[in-house]
Amino acid sequence: MSFPLLTATAALPAIGAIATAAVPAAKRTAAKWLALLVSIATLVLAIVVLVRFDPGGDRYQLTESHAWIADFGVRYELGVDGIGVALIALTALLIPFIILAGWHDADPLKTDAASRSSFAAGRWRPTQGFFALILVVEAMVILSFEATDVFLFYIFFEAMLIPLYFLIGGFGDRAHQHGEQAAATQRSYAAVKFLLYNLAGGLIMLAAVIGLYVVAGNFSLTEIAEARANGSLEMSASTERWLFLGFFFAFAVKAPMWPLHTWLPNAMQESTAPVAVLITAVVDKVGTFAMLRFCLQLFPEASKWATPAIMVLAVISIIYGALLAVGQRDIKRLIAYASISHFGFIIMGIFAMTSQGQSGATLYMVNHGISTAALLLVAGFLISRRGSRLIADYGGVQKVAPVLAGTFLIGGLATLSLPGLAPFVSEFLVLVGTFTRYPVIGVIATFGIVLAALYTLVLYQRTMTGPLKPELAKMPDLRVREIAVAAPLIVLLVFLGVYPKPVTDIVNPAVKQTMSDVQKKDPQPEVEAAK
């Protein structure tokens, strides 16, 4: 039997989480290094998966299949296509930077005497728990990208909510203007809201998963899709539409898409910057990925039926998120609403039902992960220095911290999709793919780009330029650890901005297969006959 590479890629961070949590309380630095080394080893395995994947080969590769709950047709089935491989690589790439950026986020506060006393007695272990929970989330996200059994996917789709709940509620942002008690209340509210929204979506999806089993008799994605394609599995139009809506609702909550988005700004605001990156750059991608893998492949006719409504909701997300970002006073809430706008572009590209749109949407998932990580992690470094998330508390930072200001600017320019940086290529493909089939939607969506330039440049102007505030006179520039986080992300943004081919070569064959699933072809350009 061949080596179970996909299982190993997910199992390594899971085992690493257990080992990290077991490190003695007094050895918190050892726990940090162990978590970092495990994340780097996981990245190495993800690179091996990437190298072994053949874009011109079978749709699902490196497959594993074992009986699990035989009486109900549930199997432990894994496999990756080009889209899954790209997102596994993104996840494994970002986790080491998240861990490195959050190096001191779970250390005991110097002003908290009770915590220091408990820590000294060997009872207080938040550092171990913080990094262990991050590794648990990584394992579950990777398994979600690998699972080809619908029930197996559902388990990890829901299970990842639990460690995230504790990361939001138990390890919140320390830059709070209203005292520790108010901060704890806000963290609890954000964590519960996050959990309830996503659990509600998951429960509706569970009903749809059960309905799919009743219709198909098994949970295997490949078997059900093959039966749908050859006509051996009959499903009435109404049944298919109800099942599609059950799946799509859960994915739209996690994505998040307007009007199911309201949990995200609270969760990102109250989380530490690394956990906020984990949510929006890693976990939320599971929602958009699942739209491609499950909605379009299992329910092609229902996907086409729902497309007009979804395109309208997507363009509302783009404009709504960008407009609210313009008016934010909190740095992290601004980035949260910007992400809602960006996810609108991704969903719009998926349901444009064109190869350019879907290739752009998949590329956008990767590029948005990198650009948001760069901007949000540098913003976290800035906030940790001042102890405030409010934009009004900053000004003139570039005079005392030019490296911090420069990396913040590049991350911001990537967010507004400046040509030469990675998100530009993906956003351009999404707009081209949308315009060829839905020109009005494509034109309206372009206003999101204008608004992105507005909120990004105004944010930079208000925080980094102008007179230096006296409270910031002694602000230090980025340290070596922080440069080690920001620099590789900036390099990737530039590299993929001028040469996106390595990613597009991997995802394009999978996109073509998805287009075949929904029996859609790209619109032919209209050319007037020569007179």
The complete set of salt bridge (charged side-chain N to carboxylate O under 4.0 Å, His left out) pairs with one or both residues in residues 498-509, sequence neighbours excluded, reads K501-D505
With a 3.5 Å cut-off and sequence neighbours excluded, list the donor-acceptor pairs that the side chains of residues 343-350 form with protein atoms.
none

In the structure I gave you, are the side-chain heavy atoms of F153 and V286 within less than 4.5 Å of one another anywhere? yes
Should W258 and L313 be marked as a side chain to side chain contact (heavy atoms under 4.5 Å, CB included) after you check the CA-CA gap, both sets of side-chain angles, and the distance that decides it?
-> CA-CA 6 Å; W258 183 92; L313 293 176; 3.7 Å; yes
Applied to residues 412-424, the side-chain hydrogen bond (donor to acceptor under 3.5 Å, both in side chains) test, sequence neighbours excluded, yields S417-E427
Applied to residues 482-494, the side-chain hydrogen bond (donor to acceptor under 3.5 Å, both in side chains) test, sequence neighbours excluded, yields R385-E482
Between A86 and V366 the two heavy atoms that sit nearest each other are CB-CG2, 4.2 Å
Side-chain donor-acceptor pairs of residues 43-54 under 3.5 Å, sequence neighbours excluded:
residue	atom	partner	partner atom	Å
D54	OD1	G56	N	3.1

*asked:* For F145 and F289, take the angle between the two ring planes, folded into 0 to 90°, and tell me which bin it lands in: parallel under 30, tilted 30 to 60, perpendicular over 60.
replied: perpendicular
Margin query: Can you confirm whether Y320 is buried at OH, in the sense that more than 12 heavy atoms of other residues, nucleotides or ligands lie under 6.0 Å from that atom?
Written below: yes
ring-ring contact (aromatic ring centres under 6.0 Å, His included) filter on F248, not counting sequence neighbours, yields F244, F351
Residues at least two apart in sequence or cross-chain that pass ring-ring contact (aromatic ring centres under 6.0 Å, His included) with F299, listed by chain then number, are F247
Residues passing the salt bridge (Lys or Arg N to Asp or Glu O under 4.0 Å) test with D81, sequence neighbours excluded, are R293
Side chain to side chain contact (heavy atoms under 4.5 Å, CB included) partners of [X], counting only residues at least two apart:
X	result
V458	L454, R462
V400	L468, M475
L36	W33, S39, I40, P96, I99, L100, W103

Please report, to 0.1 Å, the donor-acceptor pairs under 3.5 Å made by any side chain of residues 370-381, with sequence neighbours excluded.
residue	atom	partner	partner atom	Å
S371	OG	N367	O	3.0
S371	OG	H368	O	3.3
T372	OG1	H368	O	2.9
T372	OG1	H368	NE2	3.0

### Query
Q398 and Y460: side-chain donor and acceptor closer than 3.5 Å?
yes
